[in-house]
Trainee: 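Sharing a structure with you now.
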Amino acid sequence: MTDIVRTRSALRARVLGWKRAGESIGVVPTMGALHAGHLSLVEAAKAGNDRVIVTIFVNPKQFNSASDLENYPRTEEQDAEKLAPHEVDVIYVPDPDQIYPDGFATTVSVTGLTEGLCGAHRPGHFDGVTTVVSKLFLQTGADRAYFGQKDYQQLQVVTRMAMDLDIPVEVIGCPTVREDDGLALSSRNLLLPSEARAAAPGLNRAMTAMAEGLLAGGDIAALRATAEEAILAAGFERVEYLELRAADGLAPMASVDRPARLLAAAWIGGVRLIDNIAVG
Ligand code: AMP
């Protein structure tokens, strides 16, 4: 089994050795409860680097609800077992004080990109993400970092943050891994009651139909209304957002005149699911 490292100093000792040997380092930041989506990032990191670090840290600062933080699945032992065949170099599971020492007082915050979509519905979420991710970039000294397109807004925000702060890391976005029925893999799927799990692919189905309608030149307001109806009819309780945005920069769009992304968040069985797909 791969070594689990829990302190900055132990991590730094490994990283220094690799850097001295001229080896490249890839990092895959996660909150654990690993699934095939995470493992696809690990494989991408392995293919592109001499050394790979997987980080597992359930970051309290990016949860905007105490119950969501409390209910978030924590499965460290199983995570280590799932990683074993991938032979990563280190699993970094920092003790909380290694990320947020006493007196911690700094927030890394990206404007603009964080203002709509998940940012509008989860106050403080992206500040929590950029604060922890900037620390993980600096602590690991990684040359490349692998993020899923599943969290498309997060991928854009983290890319901007690294660029703006001159953190010498290349942020690489990897495709969303899905179940056969179209549901995007997510650690939160573990929290879905069985009826909700069966109905959950309705979100991606409605989004795919809306994207096809948009590409065929259909009216966005009508297509959106139809998609929202379909999502609710599938068994979702609420659609939080369903928006067409520019693939690069996330500006709102009313028709597909350049590469676009359709992004959604919706609630089912008391669980908030997000998804996004390319349009054009
Ligand atoms: P999380 O543990 O949910 O914070 O996710 C850690 C990383 O895995 C993030 O970069 C996510 O975008 C990525 N990820 C989560 N689900 C998937 C998926 N279904 N396909 C690809 N990447 C994913």
Side-chain angles (χ1 to χ4, degrees), residues 26-48 52-65 68-69 71-76 78-80 82-83 86 88 91-94 99 113-114 117-119 122 125-137 140 142 144-162 169-192 197 200-201 203-204 207 250 261 263-265 271-278:
V27 67
V28 180
T30 81
M31 297 204 300
L34 300 183
H35 51 62
H38 298 115
L39 299 175
S40 73
L41 305 182
V42 170
E43 280 310 302
K46 293 260 311 181
V52 172
I53 303 170
V54 174
T55 72
I56 299 178
F57 182 64
V58 181
N59 174 33
K61 283 199 194 294
Q62 73 188 70
F63 286 80
N64 52 311
S65 135
D68 190 23
L69 173 60
N71 293 334
Y72 200 84
R74 290 163 172 86
T75 60
E76 185 182 305
Q78 291 99 305
D79 290 346
K82 284 181 193 162
L83 286 170
H86 297 271
V88 302
I91 306 173
Y92 181 46
V93 188
I99 300 291
L113 282 172
T114 56
L117 306 169
C118 286
R122 302 187 68 190
H125 167 69
F126 284 117
D127 284 359
V129 169
T130 42
T131 300
V132 80
V133 169
S134 56
K135 291 194 59 117
L136 292 171
F137 285 174
T140 60
R144 295 182 195 85
Y146 296 80
F147 286 83
Q149 290 176 352
K150 155 81 185 352
D151 300 274
Y152 194 82
Q153 187 177 17
Q154 168 174 281
L155 171 62
Q156 295 261 317
V157 168
V158 166
T159 303
R160 183 81 245 169
M161 181 268 293
V169 63
E170 183 187 356
V171 175
I172 295 169
C174 301
T176 302
V177 177
R178 298 179 181 279
E179 303 280 7
D180 289 342
D181 60 15
L183 177 65
L185 297 193
S186 164
S187 306
R188 286 195 168 83
N189 294 352
L190 295 173
L191 306 174
L192 288 171
R197 168 63 192 85
L203 176 61
N204 185 252
M207 292 172 72
L250 296 179
R261 209 88 196 173
L263 304 103
V271 179
R272 181 179 181 276
L273 298 182
I274 59 171
D275 200 351
N276 71 87
I277 56 175

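Order of listing sets the numbers, starting from 1, for every ligand and every atom in it.
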Trainee: As a test of understanding, state which of Val133, Thr114, Val129 forms a side-chain contact (heavy atoms from CB on, under 4.5 Å) with Met161.
Mentor: Val133
Trainee: How would you list, by chain and number, the residues with a heavy atom under 4.0 angstrom from ligand 1?
Mentor: Pro29, Thr30, Met31, His35, Gly37, His38, Leu41, Tyr72, Phe147, Gly148, Lys150, Asp151, Gln154, Pro175, Thr176, Val177, Leu185
Trainee: CZ/Arg178 to CG/Asn204 distance, rounded to the nearest 0.5 angstrom?
Mentor: 4.0 Å
Trainee: Run the side-chain donor-acceptor check on residues 37-48: report pairs under 3.5 Å with partners two or more places apart or on a different chain.
Mentor:
from	atom 1	to	atom 2	distance (Å)
His38	ND1	His35	N	3.0
Ser40	OG	Gly37	O	2.6
Glu43	OE2	His86	ND1	2.6
Lys46	NZ	His86	O	2.9
Lys46	NZ	Glu87	O	3.0

Trainee: Does Asp79 form a salt bridge (Lys or Arg N to Asp or Glu O under 4.0 Å) with Arg74? I'd like the steps, not just the answer.
Mentor: CA-CA 9 Å; Asp79 290 346; Arg74 290 163 172 86; over 6 Å; no
Trainee: In Å and rounded to the nearest 0.5 Å, what is the NZ to OG1 distance from Lys61 to Thr130?
Mentor: 11.5 Å
Trainee: Can you name the nearest heavy-atom pair linking Arg144 to Ile172, along with the distance?
Mentor: CD-CD1, 3.7 Å
